[in-house]
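Below, each value reflects all heavy atoms present in this structure, side chains not excepted, and no hydrogens, waters or symmetry copies.
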Amino acid sequence: MTETVPAAPPATRVLDITVIGTPAGQGAISFKGRGRAVHTNHDVLMPWRVEITKAATRALGTHQRVRVKKMPNCRACGKPNRTHGEIAGPVAVQIVVTVERSPTAAKRGDLWPANRTTSDIDHHARAVLDALCNASVFPDDGQVVALEVQKVFPVTPHPDALPKPGATIRVWKIGVPAA
């Protein structure tokens, strides 16, 4: 089936997954000395990225890229790291992140998470795109030429809002008609 993705030419859907878990944005980095840097929310970010990676590899039947410092190829399959992925070429991604509704937002009757209690929307996109690279969906998130990201509550009137926190993620290969 060929679809038109917002702001992109005709494309073929490659991936459509739903991941349940606590969404975490990938934002601030803390430097620990000796060249070591970690995300300030590492404890919630890493489990979220692992869940996305597992869901994507299951759906595509791929394996996670196994990188070893200074080795140019994946340790699992021998494929070069720079081309390790299902999709080569331009990619479009749609992400709908469902975040938990705070008691204050519920009391106010907020239907959309437009407050400071959730991560910025671009931080959610970074976390998802990096997890998709780790899952070998595409080798580099620089291939993403069209990106649509929405952040919703479970009660938001949106067709992809989940009943509990998580994300719906869709990926298209751009410019290739379906067979």
Side-chain angles (χ1 to χ4, degrees), residues 1-8 11-30 38-65 85-87 91-138 141 143-174:
M1 173 173 144
T2 300
E3 300 177 71
T4 302
V5 181
T12 302
R13 190 181 299 182
V14 176
L15 181 67
D16 190 342
I17 58 173
T18 299
V19 183
I20 300 297
T22 303
Q26 182 171 307
I29 293 177
S30 176
V38 295
H39 293 282
T40 55
N41 64 340
H42 181 271
D43 294 343
V44 291
L45 173 63
M46 289 306 145
W48 175 237
R49 283 179 40 179
V50 165
E51 287 305 312
I52 296 167
T53 299
K54 286 195 307 193
T57 54
R58 266 193 315 269
L60 288 176
T62 59
H63 68 273
Q64 184 174 347
R65 178 173 33 191
E86 281 293 299
I87 306 171
V91 175
V93 179
Q94 179 187 53
I95 306 164
V96 179
V97 178
T98 303
V99 295
E100 188 153 353
R101 191 176 185 203
S102 71
T104 305
K107 188 187 278 186
R108 283 193 310 250
D110 293 351
L111 293 178
W112 293 88
N115 55 43
R116 299 295 305 153
T117 61
T118 61
S119 288
D120 293 349
I121 199 166
D122 59 316
H123 294 186
H124 285 292
R126 278 189 231 153
V128 170
L129 294 176
D130 281 356
L132 294 175
C133 285
N134 287 340
S136 300
V137 176
F138 40 81
D141 56 10
Q143 292 173 244
V144 178
V145 297
L147 177 64
E148 180 184 310
V149 186
Q150 294 177 315
K151 184 172 59 169
V152 299
F153 286 138
V155 298
T156 303
H158 188 283
D160 291 320
L162 301 172
K164 52 187 173 180
T168 301
I169 303 163
R170 295 183 182 97
V171 178
W172 289 267
K173 185 174 185 173
I174 293 192

Could you go step by step and tell me if L60 and V14 meet the side-chain contact (heavy atoms from CB on, under 4.5 Å) rule? CA-CA 8 Å; L60 288 176; V14 176; 4.0 Å; yes
Going by side chain to side chain donor-acceptor pair (under 3.5 Å), name the residues that satisfy it together with S136, two or more places apart in sequence or in a different chain. H84
Using a strict cut-off of less than 4.0 Å between a Lys/Arg side-chain nitrogen and an Asp/Glu carboxylate oxygen, indicate whether R126 and D130 qualify as a salt bridge. no
Considering all heavy atoms of both residues, which atom of W48 and which atom of I20 are nearest to each other, and what is their separation? CZ3-C, 4.4 Å
Please lay out, stage by stage, how H124 and V128 fare under the test side-chain contact (heavy atoms from CB on, under 4.5 Å). CA-CA 6 Å; H124 285 292; V128 170; 5.6 Å; no
Between W112 and V152, is any pair of side-chain heavy atoms under 4.5 Å apart? yes
Using 0.5 Å steps for rounding, measure from the CG atom of N134 to the CD1 atom of I52. 10.0 Å
Any donor and acceptor pair, going by atom type alone, linking the side chain of Q143 with main-chain N or O of I87 inside 3.5 Å? yes
Heavy-atom side-chain proximity of L132 to L15 below 4.5 angstrom: yes
Report yes if some heavy atom in the side chain of T22 is under 4.5 Å from a heavy atom in the side chain of V44; otherwise report no. no
How many angstroms lie between atom CZ of R170 and atom CD1 of I17, to the nearest 0.5 angstrom? 10.5 Å
Would you give the length of the straight line joining atom NE2 of H158 to atom CD of Q150, rounded to the nearest 0.5 angstrom? 3.5 Å
Taking the side chain as C-beta and beyond, is there a heavy-atom pair between F138 and K173 under 4.5 Å? no
Below 4.5 Å, heavy atoms only, C-beta onward: do D141 and V93 meet side chain to side chain? no
Counting N and O atoms only, with roles assigned by atom type, does the side chain of T57 sit under 3.5 Å from a partner on the main chain of T62, one being a donor and the other an acceptor? no
Measuring from atom CG of D120 to atom CD of Q26, what distance do you get when rounded to the nearest 0.5 angstrom? 13.0 Å
How long is the span from the CG atom in L147 to the CD1 atom in I95, to the nearest 0.5 Å? 5.5 Å
Shortest non-hydrogen pair, R49 vs A127, comes out as CG-O, 3.7 Å
Of L111, L162, V99, T98, which meets side chain to side chain contact (heavy atoms under 4.5 Å, CB included) against F153? V99
Report the distance from atom OG1 of T156 to atom CZ of R101, rounding to the nearest 0.5 Å. 7.5 Å
Nearest non-hydrogen partners of P23 and P165, listed with the distance: CD-CB, 3.8 Å
Considering all heavy atoms, the nearest A56-A135 contact: CB-CB, 3.6 Å
Minimum heavy-atom distance K151-I121, with the two atoms named: N-CD1, 3.8 Å
